Novice: 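Below you will find the structure I want to go over with you.
Just so you know, these numbers come straight off a predicted model, no measurement behind them.
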Amino acid sequence: MITESELIEKLRLALVDSNINENSNNSNTDNWDSLGQLSVLATLSNLTNKESDKIEDLREVESVLEIFRILRVHNLLK
Amino acid sequence: MSFEIENISYEIGEKTLEIKDYCQSRNKDYSRLIQKTGFEQTHHTSKSYQDFFGGFLTNKLNLKSNDGIILVNQSAQEIIPGILPKLFLNLPNIESITTFQISDGCSGFVKALILADSLLSSANFNRIHIICAEKYSDYFHEDNESLMPIFSDAISVTTLRKGAHYRITSLDTINNFIDYRKISVDASTSLLSMEGSNVYGWVTANTVPQIERVLLENDISTKDVKSWQIHQASQVMVGGILERLKIEGEFIFNSSKVGNTVSSSIPISIQNSFGTSNDLSQNGYHVLSGFGVGLTSVVAVLEASR
């Protein structure tokens with residue numbers, strides 16, 4: 001199971017933005033557009049061994065906090 | 001039953017859009033876009049259906065008795081009598097040819113292949129021509145930065161004949177019609193919209209397990225598969241599928257200069273794969289996977305032997 005800090009590190013790589021933190025969302029992050037969303041989904045899939053692929057709520061997720069919440073509900077985040 | 005592929009030919013729209021130029025003119029980061037979509041060019045036509053598609057068919061299609069035609073098309077606007085008579089109007093020998101039409105998008109070629117295989121098993125047909133023809137550019141404007149760099153207008157003809165080279169060993173379909181709006185044309189605006197991340201999510205969650213299941217049920221390992229003929233939706237989509245299946249294949253996404261041609265994408269990719277390590281003519285198993293509009297995902301396994 002991944003941690004919040006591990007997830008944020010991976011999201012920084014996925015969105016090519018070293019400023020990503022728990023308050024980041026698709027409004028305050030330039031690269032978090034439709035292309036960035038695909039990178040976020042691919043990153044989550046890799047981190048969760050494809051478990052996140054089945055979670056429909058993640059497909060339209062718009063913030064890091066929302067990702068935290070959804071992954072926790074599915075026991076994929078510490 | 002079994003069949004041979006006699007010929008594949010295709011044509012893409014006459015107007016080439018260089019994605020780099022398109023992005024630069026809009027102050028957009030082209031490298032990031034091309035890295036994700038994989039498309040360096042898309043191609044659109046300003047010709048009418050009859051001129052572009054009908055003209056191609058008149059030049060390329062040589063119809064004989066006991067031929068049949070399957071047309072895969074969704075984007076033509078004609079209701080009655082439909083697009084089929086207008087496209088085939090000038091084809092020599094069309095008078096006695098039995099025609100079928102499949103209204104489908106990116107999974108249309110695989111469905112047409114299955115239908116063609118069945119038709120060829122009857123005494124009525126010696127050859128089936130699968131024609132995939134889509135002009136999605138009718139449904140988005142040039143300033144649509146999401147769709148313009150992805151979709152190309154194209155027509156392809158894949159001619160199959162009775163023979164012993166290819167056999168369809170299995171088939172699997174997943175329909176998720178409740179989500180049909182994820183790729184659809186709005187009736188009030190006549191404009192196409194696609195919820196890319198939703199479609200990506202659905203495909204990775206469904207098509208990948210579907211392929212794994214079909215292979216498992218037929219006792220085929222991914223290492224036994226000689227070629228992967230995957231709908232060329234985008235590089236990130238094809239790459240995502242291959243990564244999850246743990247397959248390496250530099251030739252499998254080969255449409256960077258073509259674009260997403262919807263139902264023509266698999267036949268065009270097959271044609272452009274001949275001579276590469278992803279060549280469909282090799283003896284062994286081949287996986288064909290079409291997915292998208294519907295939402296629908298269709299997987300067929302072909303076995304090739306000579």
Side-chain angles (χ1 to χ4, degrees), chain A residues 2 6-20 24-77, chain B residues 19 23 26-39 140 144-150 174 176 178-179 181-183 193-213 233-246 260 291 295 297:
Chain A
I2 55 171
E6 285 171 336
L7 178 53
I8 286 176
E9 272 308 308
K10 296 294 183 185
L11 290 175
R12 286 174 178 163
L13 293 172
L15 295 169
V16 201
D17 187 338
S18 58
N19 295 318
I20 297 288
S24 297
N25 57 49
N26 63 1
S27 297
N28 62 21
T29 307
D30 284 346
N31 283 345
W32 197 335
D33 54 9
S34 59
L35 293 176
Q37 187 77 0
L38 298 181
S39 298
V40 169
L41 292 177
T43 296
L44 296 177
S45 179
N46 288 335
L47 284 173
T48 62
N49 195 25
K50 297 194 284 188
E51 287 298 313
S52 65
D53 289 353
K54 304 165 196 163
I55 305 172
E56 291 186 22
D57 288 349
L58 283 174
R59 295 175 194 165
E60 292 179 330
V61 73
E62 294 179 347
S63 70
V64 172
L65 285 178
E66 210 179 339
I67 294 173
F68 286 172
R69 183 187 63 75
I70 294 169
L71 291 182
R72 278 217 177 80
V73 167
H74 291 83
N75 294 319
L76 294 171
L77 184 71
Chain B
I19 305 305
C23 289
R26 286 168 164 72
N27 294 319
K28 293 278 179 185
D29 179 358
Y30 67 87
S31 60
R32 185 165 163 264
L33 179 64
I34 293 173
Q35 186 187 17
K36 290 292 176 201
T37 65
F39 300 129
F140 54 81
N144 187 322
E145 295 173 358
S146 297
L147 302 179
M148 193 74 179
I150 291 181
I174 299 174
N176 184 36
I178 198 163
D179 279 334
R181 285 192 180 87
K182 304 291 184 193
I183 313 173
S193 68
M194 179 171 70
E195 297 179 24
S197 61
N198 267 298
V199 176
Y200 175 87
W202 186 81
V203 169
T204 51
N206 290 275
T207 301
V208 174
Q210 181 185 28
I211 292 172
E212 290 172 330
R213 187 178 66 250
S234 66
Q235 184 154 281
V236 71
M237 186 76 88
V238 175
I241 291 172
L242 298 179
E243 190 181 330
R244 285 165 175 77
L245 292 170
K246 299 183 173 59
N260 179 340
F291 48 80
L295 301 174
S297 177

Novice: Are more than 12 heavy atoms from other residues, nucleotides or ligands located less than 6.0 Å from atom NZ of A/Lys50?
Specialist: yes
Novice: Taking every non-hydrogen pair under 4.5 Å, which of A/Leu58, A/Leu41, A/Val16 racks up the most with chain B?
Specialist: A/Leu41
Novice: Taking atom OH of B/Tyr200 and atom OG of A/Ser39, what is their separation to the nearest 0.5 Å?
Specialist: 8.0 Å
Novice: According to salt bridge (charged side-chain N to carboxylate O under 4.0 Å, His left out), who are the partners of A/Asp57, at least two apart in sequence or on a separate chain?
Specialist: none
Novice: Would you say the side-chain atoms of B/Thr204 pair up with the backbone N or O of A/Asp53, donor to acceptor, closer than 3.5 Å?
Specialist: no
Novice: Between A/Glu56 and B/Lys182, does any side-chain N to carboxylate O distance fall below 4.0 Å?
Specialist: no
Novice: Can you name the residues of residues 60-72 of chain A that have some heavy atom under 4.5 Å away from a heavy atom in chain B?
Specialist: A/Glu60
Novice: Could you grab the distance from atom CG of A/Asp33 to atom CD of B/Glu145, nearest 0.5 Å is fine?
Specialist: 10.5 Å
Novice: Can you measure from CZ (B/Arg244) to CG (A/Asn46) and round to the nearest 0.5 angstrom?
Specialist: 6.5 Å
Novice: Mind checking the CD-CD spacing from B/Glu195 to A/Gln37? Nearest 0.5 Å is all I need.
Specialist: 11.5 Å
Novice: Quick check for you: among B/Ser197, B/Ala205, B/Ser234, B/Gly239, which has the greatest number of heavy-atom pairs under 4.5 Å with chain A?
Specialist: B/Ser197
Novice: Answer yes or no: is there an ion pair linking A/Arg59 with B/Asp179, defined by an N-O contact shorter than 4.0 Å?
Specialist: no
Novice: Working to the nearest 0.5 Å, report the span between OG of A/Ser34 and CG of B/Asn198.
Specialist: 12.0 Å
Novice: Taking atom CG of A/Asp30 as the centre, does the number of heavy atoms from other residues, nucleotides or ligands within less than 6.0 Å exceed 12?
Specialist: no
Novice: Report the C-alpha distance between A/Leu35 and B/Gln35 in whole Å, list the side-chain angles of each, state the deciding distance to 0.1 Å, and finish with yes or no for side-chain contact (heavy atoms from CB on, under 4.5 Å).
Specialist: CA-CA 10 Å; A/Leu35 293 176; B/Gln35 186 187 17; over 6 Å; no
